[in-house]
Structures are given as C-alpha cells and as structure tokens.
S.K.: 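Structure below; questions to follow.
Fair warning: this is a prediction, and the values are worked out from it, not measured in the lab. Just so it is clear, the values below take in all heavy atoms, side chains as well, and ignore hydrogens, waters and symmetry mates.
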Amino acid sequence: DGDVDKLKLKNFNTGRYYGSVGYGINDCWDIYAQLGLTDVKADGKQSWDGGGFDWGMNFDNDFAWGWGTKFCLANEGNVDWGAVFQMNWLDTSFDGIVDGEEDEADIETYDILVAVGPTIDMGGWKLYGGPYYYYLNGDYDEVWDGDKVKSDLRNDDFGGYLGAAFDISSNCSLTIEYA
C-alpha cells in the first residue's frame, strides 16, 4: 500500500535493583554475583505515510542477574584506584494496550560494563566514580495488532558513574549507584 513504518525510540530506561554477594580473592581482587529485579520503561514514536502516534510501555518488573569482578590497581593513602568488569542479563515482557490495540513485547538482553576510577575512603563509607564503557546486545520481539516484529537491540556508549558504599558491618555494606 506504499506505507513505510518507522519506529523511533525516544527513551529506553532500565533500573536495576540488586542484592550482591561477593568474595575477596585477596586484598586487591573481589568477585561478586548479583540477583534482583529490573524495571524497564520505553517511549517512542511510530509513524507511517499519513499517520503515526507516540507510545509508551512499562515492562513487567522481572528477574535480573549478573556477575562481576573488581581489581584494585593502586593505593594512595585513603584512595584506591581500580577497575570493574561486569555482565548483566535480563528477560522482561509487556502485555497491554498501545494506541487502542493489544500489544505484547519481550526483551532479552545482556550487557557488559567496564569501568575505572578512584574509591575514596570517607571513614565508615566510601565514595567512588569515574568513566565507563557500556555494551548492550539483545532481542526485541513484539506482536502488535496481529503483526510480528523482531529487532536486534545493540548499543555501545561511554559514560560516567557515581556511587557510595556504606558499611553496615565488617562484612556487609549498602551501595547506591547512578550511571
């Protein structure tokens, strides 16, 4: 019919809420596993010859997991300089109404994060941050108005992060992080 569908993703936000368990191999090397939930929200615009609409999806809060390792590369007084390698996986879905039509969508991804930066011991809590490289690979499958859509999700980007770790006991801490 001459219509050309175009899909523009305006916003794609993933919030992860993890509990982590780690093990110190030695004073400079830790490994850890992460288990928790993810909250994925997406906004976009679908357009074609003669029409279009904005849409938004709030995916189910689903299980997410990951693992990682941290290395201390150097120490200067109360500052540790380190690096992190981390991988995460998620599988989430949406089942609802978009623009008056029944819509089902599934997202399966894994991502890799490599970061470097300082950790400053503030006495009872630690402040850390620095630059990172982020890579995401996954699949997006959707059934909307009876049509099946399959897409690859790919992204790689550089950014920054900031976090704080608060000592609860000698073997337990609470961490808050934003990237």
S.K.: Grab the two heavy atoms, one from Gly129 and one from Pro118, that are nearest each other, plus how far apart they are.
M.R.: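 In terms of heavy atoms, the two residues are closest at O-CD, 3.2 Å.
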S.K.: Counting only heavy atoms not in Asp27, do more than 12 fall under 6.0 Å of its CG?
M.R.: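 Atom CG in Asp27 is not packed in, count stays at 12 or less.
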S.K.: Answer yes if Trp125 and Val79 sit in the same cluster of Ile, Leu, Val, Met, Phe, Trp and Tyr residues linked by side chain heavy atoms under 4.5 Å apart, and no otherwise.
M.R.: yes
S.K.: Side chains of Lys70 and Asp80, heavy atoms from C-beta outward: is any pair under 4.5 Å?
M.R.: no
S.K.: Please determine, by modelled atom types, if Asn88 and Tyr18 share a side-chain donor-acceptor pair under 3.5 angstrom.
M.R.: yes
S.K.: Counting C-beta onward and ignoring hydrogens, is there a side-chain heavy-atom pair between Gln34 and Gln86 closer than 4.5 Å?
M.R.: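 With C-beta onward as the side chain, the pair touches.
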S.K.: What distance do Leu35 atom CG and Trp67 atom CH2 have between them, rounded to the nearest 0.5 Å?
M.R.: 14.5 Å
S.K.: Any side-chain heavy atom of Thr69 within less than 4.5 Å of one from Phe85?
M.R.: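 Sidechains of Phe85 and Thr69: in contact.
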S.K.: Please find the pair of heavy atoms, one from Leu90 and one from Ala64, that lie closest to each other, and give the distance.
M.R.: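 So the minimum-distance heavy-atom pair works out to CB-CB, 4.3 Å.
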S.K.: Assess the side chains of Tyr135 and Asn137: does a donor N or O sit below 3.5 Å from an acceptor N or O?
M.R.: yes
S.K.: What I'd like to find out is whether the side chain of Asp139 reaches to under 4.5 Å of the side chain of Asp152, using heavy atoms alone.
M.R.: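 Yes, their side chains come closer than 4.5 Å.
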S.K.: Look at the aromatic rings of Trp89 and Trp65 and report parallel, tilted or perpendicular, splitting at 30° and 60°.
M.R.: parallel
S.K.: Is it the case that one hydrophobic cluster holds both Tyr134 and Tyr140, taking links as side-chain heavy atoms less than 4.5 Å apart, direct or via other members?
M.R.: yes
S.K.: Grouping I, L, V, M, F, W and Y whenever their side-chain heavy atoms are under 4.5 Å apart, do Ile107 and Leu136 come out in a common cluster?
M.R.: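 Ile107 and Leu136: one cluster.
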S.K.: Would you check if the side chain of Asn78 reaches a backbone N or O of Asp121 as a donor-acceptor pair within less than 3.5 Å?
M.R.: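 The answer is yes, because a donor-acceptor pair under 3.5 Å joins these two groups.
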S.K.: Find the distance between CG (Asp167) and NZ (Lys126) and round it off to the nearest 0.5 Å.
M.R.: 6.5 Å
S.K.: Would you check if Phe94 and Glu142 make a side-chain contact, meaning some heavy-atom pair closer than 4.5 Å?
M.R.: no
S.K.: Can you tell whether the side chains of Arg154 and Asp156 come within less than 4.0 Å, N to carboxylate O?
M.R.: no
S.K.: Would you kindly confirm whether Tyr32 and Met87 end up in one hydrophobic cluster when ILVMFWY residues are joined by side chain heavy atoms under 4.5 Å apart?
M.R.: no
S.K.: Are Phe158 and Ile112 connected into the same hydrophobic cluster when the rule is that any two of I, L, V, M, F, W, Y join if their side-chain heavy atoms are below 4.5 Å apart?
M.R.: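 Ile112 clusters together with Phe158.
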S.K.: To the nearest 0.5 Å, tell me how far Phe166 CZ sits from Leu127 CG.
M.R.: 9.0 Å
S.K.: Ignoring hydrogens and geometry, is there a side-chain-to-backbone donor-acceptor pair from Ser93 to Ala105 under 3.5 Å?
M.R.: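 No: the side chain of Ser93 does not pair with the backbone of Ala105.
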S.K.: How about Tyr23 and Ile25: do any of their side-chain heavy atoms sit closer than 4.5 Å?
M.R.: yes
S.K.: Can you tell me how far CG of Asn75 sits from CH2 of Trp81, rounded to the nearest 0.5 angstrom?
M.R.: 11.5 Å
S.K.: Identify the two heavy atoms, one from Tyr161 and one from Ala115, that lie closest to each other, and give their separation to 0.1 Å.
M.R.: CE2-CB, 3.6 Å
S.K.: Is any side-chain heavy atom of Thr14 closer than 4.5 Å to one of Phe59?
M.R.: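 Counting from C-beta outward, Phe59 and Thr14 never come under 4.5 Å.
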S.K.: Between Ile168 and Ser173, does the side chain to side chain contact (heavy atoms under 4.5 Å, CB included) criterion hold? Intermediate values first, please.
M.R.: CA-CA 5 Å; Ile168 295 173; Ser173 64; 5.6 Å; no
S.K.: If I take atom OG1 from residue Thr92 and atom CG from residue Asp106, how far apart are they, to the nearest 0.5 angstrom?
M.R.: 8.5 Å
S.K.: Does some side-chain heavy atom of Asp39 sit less than 4.5 Å from a side-chain heavy atom of Asn58?
M.R.: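 Answer yes - side chains close enough.
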